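This report concerns only the one structure given below.
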Amino acid sequence: MSTIEVKVPNIGDFKEVEVIEVMVKAGDTIKVDQSLITVESDKASMEIPASHAGVVKEVKVKVGDKIAEGSLLLVLDEAGAGAAPASAPAAAAPAAAPAPAPAAAAAESQAPAQPAAPVAAAPAPAMASYDGKVDIECEMMVLGAGPGGYSAAFRSADLGMNTVLIERYASLGGVCLNVGCIPSKALLHVAAVIDETQAMSKHGISFAKPEIDIDQLRAYKDKVITKMTTGLSGMAKMRKVNVVQGVGQFVSANHIEVTAADGSKKVVQFQKAIIAAGSAVVNLPFVPKDPRIVDSTGALELRQIPKRMLVIGGGIIGLEMATVYSTLGARIDVVEMLDGLMQGADRDMVKVWQKFNEKRFDKVMTKTKTVAVEALEEGIKVTFEAAEAGATAPEPQLYDMVLVAVGRSPNGGKIAADKAGVTVTERGFIPVDAQMRTNVPHIFAIGDLVGQPMLAHKAVHEAHVAAEAAHGEKAFFDVKVIPSVAYTDPEVAWVGITEDEAKAKGIKLEKGHFPWAASGRAVANGRDEGFTKLLFDAETHRIVGGGIVGTHAGDMIGEIALAIEMGADGVDIGKTIHPHPTLGESIGMAAEVYEGVCTDLPPVRKK
């Protein structure tokens, strides 16, 4: 037997994730695509599969380790010739599938396939056939109307394709617009205004304690959603996109059945398709169903303002909702099984956020597992366990409300993609190439179900690539970086490589760090707790990463992303004139710090 090293495959934009479960041990016999470990990022948990089959000789990771693409997971004694490594999805279609347009096929050959999913491809299923009644015919069918889906449909229509957009909800926009990004930002805006008025007392301006009408607040949030979704509906009509409401399930490689809320069915026949079916919240198996126990969708419904609330999961979604409910009057506990909150961001930025938010939380329980949840008449009883052996677990607690925010899982396994011959992994991801093309050439996939990070802005760019590639254009998803933002107070935003990641990988970086205590605008705003930092390659001096913690950080991180995409160095950024006084000029000043020419800070001592 030969010895094989099994390493972490491409896991998307997440450069470093933490191992939260090891599923195999030395002596186990494993198969290709069998799950080896579970890792957790700030947005979701995911399983890493085996790229080879064989007998586990040695496991190289343990719970708590931080890993990245290329990290060694285990050593195998390979089980014979049948243990070939899993590969990216093949460009060739099964025999029954129609060939792509010549231009599309030519475009695909211009670049090698680069799987976007964080898991290896599984064997392609045998596609089904359909010869029944067809209700609607189109050139392009898009399944799912979230930011990725409606962008794909609109771009397809703009390119002249007769397009059908299938959406299970009554309004377009998917999770993001209806029960995610947009309503949460509406509530975060309200929370920020309340917090700001309270802070004004330090400046000689005092306001009475706010009276919260939760029904009216909910109506405001709903009005924001309606305005956005109505606008999308209007744009769909302008583009003559045929919106079909219902749940879509493939019945063949060219047909999908749509079941409406009343049980009626329609079959759509398509020449090309883009799957944008998104993801769903991860449910913990031991958590009972009770109206006082909510996921992110339930939290946005504002059913009540609890006196005492627990957030299970210390990622971005949970912390954003903790911000809202805390400002509305709830006392908050947070429990997280890893060693810190907001995984993915550098610890120095998280420390600023955590210090500023100490008043929001009664308890922040890191390295702590939630092991039991019981719905009692007097409240929700939650039992904890220490994540590390020998550590003391917190005592069981009683809460008025519990928010479960432990991540999201892709919906690839819920759409009968196998009947279309589309490969779906055990975790529900759909492997794609650099044109967002699945193993079936005329079917594309985008968004949450093709891999991390599960972010709307990533999905929109993938949508444009998929629509253009389907139209025969030479479009590829080849971005260098994808920014991440926690819309907490203060906001935390980062893009590219992080300091923590570079340190773990032994990558040499140089840094320009500008504290907001030296920013005239931040001081004038009374919010100078933050900072801006830029990270540069020690050899080329080009920018490779950056982070901002402070108010409106998310509005500014795009400039750093652009600088990375353009290959800018410190001089390029520092010599770009930024308006004064602004928070954004801190980016230029961080570059000046790096170049040693900043006159807004004390002089640097010469070595």
Side-chain angles (χ1 to χ4, degrees), residues 12 41-46 142-154 165-188 218 221-233 235-236 243-248 258 261 274-283 294-303 311 313 315-321 324 403-415 427-430 445-463 482 484-487 554:
S41 68
D42 60 329
K43 284 286 185 181
S45 59
M46 55 183 166
V142 180
L143 178 60
Y150 74 71
S151 297
F154 292 178
L165 176 58
I166 298 171
E167 170 56 44
R168 60 177 173 165
Y169 295 121
S171 56
L172 304 183
V175 168
C176 180
L177 265 68
N178 289 281
V179 291
C181 320
I182 302 306
S184 66
K185 302 311 165 287
L187 297 179
L188 283 163
R218 191 186 306 111
K221 179 259 301 180
D222 292 341
K223 184 178 179 180
V224 170
I225 296 170
T226 300
K227 184 173 183 178
M228 295 298 297
T229 56
T230 301
L232 288 178
S233 179
M235 288 193 287
V243 178
V244 179
Q245 185 182 348
V247 176
V258 184
I274 298 174
I275 303 172
S279 62
V281 294
V282 173
N283 295 311
V294 297
D295 55 19
S296 56
T297 299
L300 288 167
E301 292 175 2
L302 291 177
R303 301 170 190 169
V311 178
I316 289 175
I317 295 173
L319 296 178
E320 288 180 355
M321 295 314 302
V324 171
L403 166 60
V404 180
V406 293
R408 303 185 65 85
S409 60
N411 287 333
K414 301 176 181 179
I415 56 175
R427 285 280 294 164
F429 288 104
I430 297 179
I446 62 171
D448 290 0
L449 49 61
V450 302
Q452 296 285 357
M454 293 184 177
L455 297 170
H457 42 281
K458 165 180 148 306
V460 170
H461 283 262
E462 291 172 338
I482 301 171
S484 294
V485 182
Y487 296 95

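Position 1 is the first residue of the sequence, and the numbers go up from there. All values reported here derive from a predicted model rather than from experimental measurement. All values below were derived from every heavy atom in this structure, side-chain atoms included, with hydrogens, water molecules and symmetry-related copies excluded.
- Counting only heavy atoms from C-beta outward, the side chains of V224 and K227 never approach each other to under 4.5 Å.
- Closest non-hydrogen pair, P183 versus L177, comes out as CD-O, 3.3 Å.
- Here the CD-CD distance, from E167 to Q245, works out to 8.0 Å after rounding to the nearest 0.5 Å.
- Separation of atoms CD1 (I225) and OG1 (T230) is listed at 11.0 Å; rounding is to 0.5 Å.
- When all heavy atoms of I430 and A445 are compared, the closest pair comes out as CG2-CB, 3.9 Å.
- A donor-acceptor pair under 3.5 Å links the side-chain atoms of E320 to the main chain of Y487, judged by distance alone.
- R218 CZ: more than 12 foreign heavy atoms inside a 6.0 Å radius.
- When all heavy atoms of S296 and R408 are compared, the closest pair comes out as OG-NH1, 4.4 Å.
- Listed by chain and number, the residues in a side chain to side chain donor-acceptor pair (under 3.5 Å) with S171 are N178 (sequence neighbours excluded).
- Closest approach of G149 to V142, counting heavy atoms only: O-CG1, 3.4 Å.
- A heavy-atom distance below 4.5 Å is found between the side chains of M321 and L300.
- Distance CD/Q452 to OG/S279: 9.0 Å, rounded to 0.5 Å.
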task: May I have the step-by-step check of side chain to side chain contact (heavy atoms under 4.5 Å, CB included) for L165 and L172, ending in yes or no?
output: CA-CA 9 Å; L165 176 58; L172 304 183; 4.1 Å; yes
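- Residues K458 and V450 are in side-chain contact: their nearest non-hydrogen atoms beyond the backbone lie under 4.5 Å apart.
- Atom CG of residue L455 and atom SG of residue C181 lie 8.5 Å apart, to the nearest 0.5 angstrom.
- Here the CG-CG distance, from L143 to L449, works out to 8.5 Å after rounding to the nearest 0.5 Å.
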message: What verdict does the side chain to side chain contact (heavy atoms under 4.5 Å, CB included) test give for V281 and I317, after you've listed the backbone C-alpha separation in whole Å, the side-chain angles of each residue and the deciding distance to 0.1 Å?
response: CA-CA 11 Å; V281 294; I317 295 173; over 6 Å; no
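- Heavy-atom minimum distance, A463 versus I446: CB-CD1, 3.6 Å.
- Residues M454 and P410 have side chains in contact (heavy-atom distance under 4.5 Å, counting atoms from C-beta outward).
- What you find for V294 and R303 is that their closest heavy atoms are CG1-NH1, 3.4 Å.
- Between atom CD of residue E462 and atom OG of residue S151 there is a gap of 11.0 Å, rounded to the nearest 0.5 Å.
- Under a cut-off of 6.0 angstrom, the local environment of NE2 in H457 is crowded, with over 12 non-hydrogen atoms contributed by other residues, nucleotides or ligands.
- The salt bridge (Lys or Arg N to Asp or Glu O under 4.0 Å) contacts involving residues 142-154 comprise nothing, where partners must be two or more places apart or lie in separate chains.
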